2 protein chains.
Amino acid sequence: MIQEHGFHGCPVSMVAKNAGVAAGTIYTYFENKDDLIIGIYEYVGEEIKKYVSERDDNSLSFKDRYYNYWKNLTDFYELKPSIHGFYDQFLNSPYNSEEMQNKPNSWHDFANAFFEEGIRRGEIKELNPIVLSILVNTNVNSIVRIKKNFKKKLARNNMELDEISHLIWAGIKAD
Amino acid sequence: MIQEHGFHGCPVSMVAKNAGVAAGTIYTYFENKDDLIIGIYEYVGEEIKKYVSERDDNSLSFKDRYYNYWKNLTDFYELKPSIHGFYDQFLNSPYNSEEMQNKPNSWHDFANAFFEEGIRRGEIKELNPIVLSILVNTNVNSIVRIKKNFKKKLARNNMELDEISHLIWAGIKAD
DNA sequence: AATGACTGAATGAACGTTCAATCACAATAC
DNA sequence: GTATTGTGATTGAACGTTCATTCAGTCATT
């Protein structure tokens, strides 16, 4: 609902109806609407981590693992467009404050560790793993968004958004 | 104000006060709040285009022009953090509908033409220029956002976000 | 009989929007 | 030069609606 209507466009009463409970019930589990939204964000982070980490296979070359990571993250978002829409909005909203960013976050931790290992194995350049995970996650995020918004335009222009995963690999792989 | 409080967090009355006019006056220039927000979006696009295009010098190599483009866009956003905050939020919100995306947009046109020329000159790979401009603009956007949010963390971890411009250049330059 | 979750009408604050009244200024008349 | 009228922008209190939140009462389970 948030992905479709935005944070303001979906009242608590609507959320409650959709969940099949009364509006008041939400307030036994969440302090207020903001607390609910932050709760969703934390839940979503866990789900993403679960999906991507379960499908990672560290016996493969890091190049293959990178492409799997990219594909799995993309698949997850395309499988659950509403999660993607929510997450994409949240990250760019005032909710995503510095305070928020400094909270423990197992999805971020996983992503950082993932790229750290690529460096340790000597398969990618010695860059800050936080930078790398931000780079990759940002690009997957926005490609999924573009695919969603530009459906017709994409077909018309025969755009190859998957190219971007190659571009980025070309940029980060060890020489 | 939108960058700080979000779309809902800033009532029309607040906008009016900040602008030094009465609330009603806004409605002689804009149909409603949505119309105002879309108006700001269009204005912002013009401003970005102006800043970046004025500083482009097509006598340089495309590599230099690419790095200028990157720098100028980054500078513009950092010079006007509130514009960046607004734009970043708008792009990821339900306001940025498919209908919105299909409206004429001189900033998008400029960016597309820019990368088209890089291809024509044979200095970058033969990719869809729309893909290229989305790639570059998305990454500049998110780097600026990260710099804004992560100030302390960045310093602590000695992160080199500027690396990303090189990574992307390595990815898109002609072999 | 006791516990704790659930309900949904009620509350009051906040918001977008309207509009009758006012104001600033220019054009016209004397 | 002064008074009068006309025009269009500006004002902000008021309106009606929507929304987050509360809480007294109900229900389900132990």
Side-chain angles (χ1 to χ4, degrees), chain A residues 1-47 80-101 103, chain B residues 1-47 80-101 103:
Chain A
M1 285 161 59
I2 288 169
Q3 93 118 353
E4 197 167 339
H5 302 106
F7 292 116
H8 45 320
C10 74
V12 174
S13 59
M14 205 173 167
V15 176
K17 202 173 191 176
N18 206 263
V21 297
T25 308
I26 288 177
Y27 289 85
T28 50
Y29 298 97
F30 300 95
E31 243 177 64
N32 50 43
K33 196 183 175 183
D34 279 7
D35 190 41
L36 167 65
I37 287 169
I38 289 167
I40 298 171
Y41 170 71
E42 286 168 349
Y43 167 78
V44 161
E46 292 296 330
E47 290 298 298
K80 319 221 171 199
S82 57
I83 289 192
H84 174 261
F86 169 82
Y87 200 62
D88 208 28
Q89 264 182 82
F90 187 94
L91 293 180
N92 297 285
S93 76
Y95 285 112
N96 193 23
S97 58
E98 180 152 359
E99 189 202 340
M100 197 69 232
Q101 307 241 18
K103 278 190 182 179
Chain B
M1 285 161 61
I2 287 169
Q3 93 118 353
E4 196 167 340
H5 302 107
F7 292 116
H8 46 319
C10 75
V12 174
S13 59
M14 206 173 167
V15 176
K17 201 174 191 175
N18 206 265
V21 298
T25 309
I26 290 178
Y27 290 84
T28 49
Y29 299 96
F30 301 95
E31 240 177 64
N32 50 42
K33 195 183 175 182
D34 280 8
D35 189 41
L36 166 65
I37 288 170
I38 289 167
I40 297 171
Y41 170 71
E42 287 169 347
Y43 167 78
V44 162
E46 292 295 331
E47 290 299 298
K80 319 224 171 195
S82 57
I83 288 193
H84 174 261
F86 169 83
Y87 200 62
D88 208 27
Q89 264 183 80
F90 187 94
L91 293 181
N92 297 284
S93 75
Y95 284 112
N96 193 23
S97 59
E98 180 152 358
E99 189 203 341
M100 197 69 231
Q101 307 241 17
K103 278 189 182 180

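Residue numbers start from 1 in every chain, and the chains themselves are labelled A, B, ... in the order their sequence lines are given, proteins ahead of strands. Nothing here was measured: the structure is a model prediction, and the numbers come from that model. Just so it is clear, the values below take in all heavy atoms, side chains as well, and ignore hydrogens, waters and symmetry mates.
Contact between the side-chain N/O atoms of Thr25(B) and the OP1/OP2 oxygens of dT11(D) is found at a separation under 4.0 Å. Within the structure, every side-chain polar atom (N or O) of Tyr29(A) is placed at least 4.0 Å from both OP1 and OP2 of dA5(C). For the OP1/OP2 pair of dA5(C) and a distance below 4.0 Å, the side-chain nitrogens and oxygens of Tyr27(A) include no atom meeting the criterion.
In plain terms, the two heavy atoms of Gln89(B) and Ile2(B) that are nearest each other are NE2-O, 3.1 Å. Taking both residues in full, the closest heavy atoms of Tyr95(B) and His8(A) are given as OH-NE2, 4.1 Å, listed atom of the first, atom of the second, then distance.
As a whole-Å value, the separation of Asn32(A) CG from dA14(C) P is 15 Å. Look at CZ on Phe7(B): it is 20 Å from C1' on dA14(C), rounded to the nearest Å. What separates NZ of Lys17(B) from P of dT11(D) is a distance of 14 Å, to the nearest Å. Note: NE2 (His5(B)) to P (dC15(C)) measures 11 Å, nearest angstrom. Between Leu36(A) atom CG and dT21(D) atom P the separation is 10 Å, expressed in whole Å. Taking atom CD1 on Ile26(A) and atom P on dT22(D), their separation rounds to 13 Å, with Å as the unit. Nucleotide dT21(D) holds its C1' atom 14 Å from the CG atom of Asp35(A), rounded to whole Å. Between His8(B) atom NE2 and dG16(C) atom C1' the separation is 15 Å, expressed in whole Å.
Nearest-nucleotide assignment on DNA chain D puts the 5′-proximal partner with Thr28(B), out of Thr28(B) and Gly24(A).
Other residues, nucleotides and ligands contribute at most 12 non-hydrogen atoms within 6.0 Å of the CD atom of Glu4(B).
With respect to Lys103(A) and Glu42(A), a salt bridge is recorded, a charged nitrogen being found less than 4.0 Å from a carboxylate O.
Closest to the side chain of Lys33(A), from the set dA20(D), dT11(D), dT17(C), is dA20(D).
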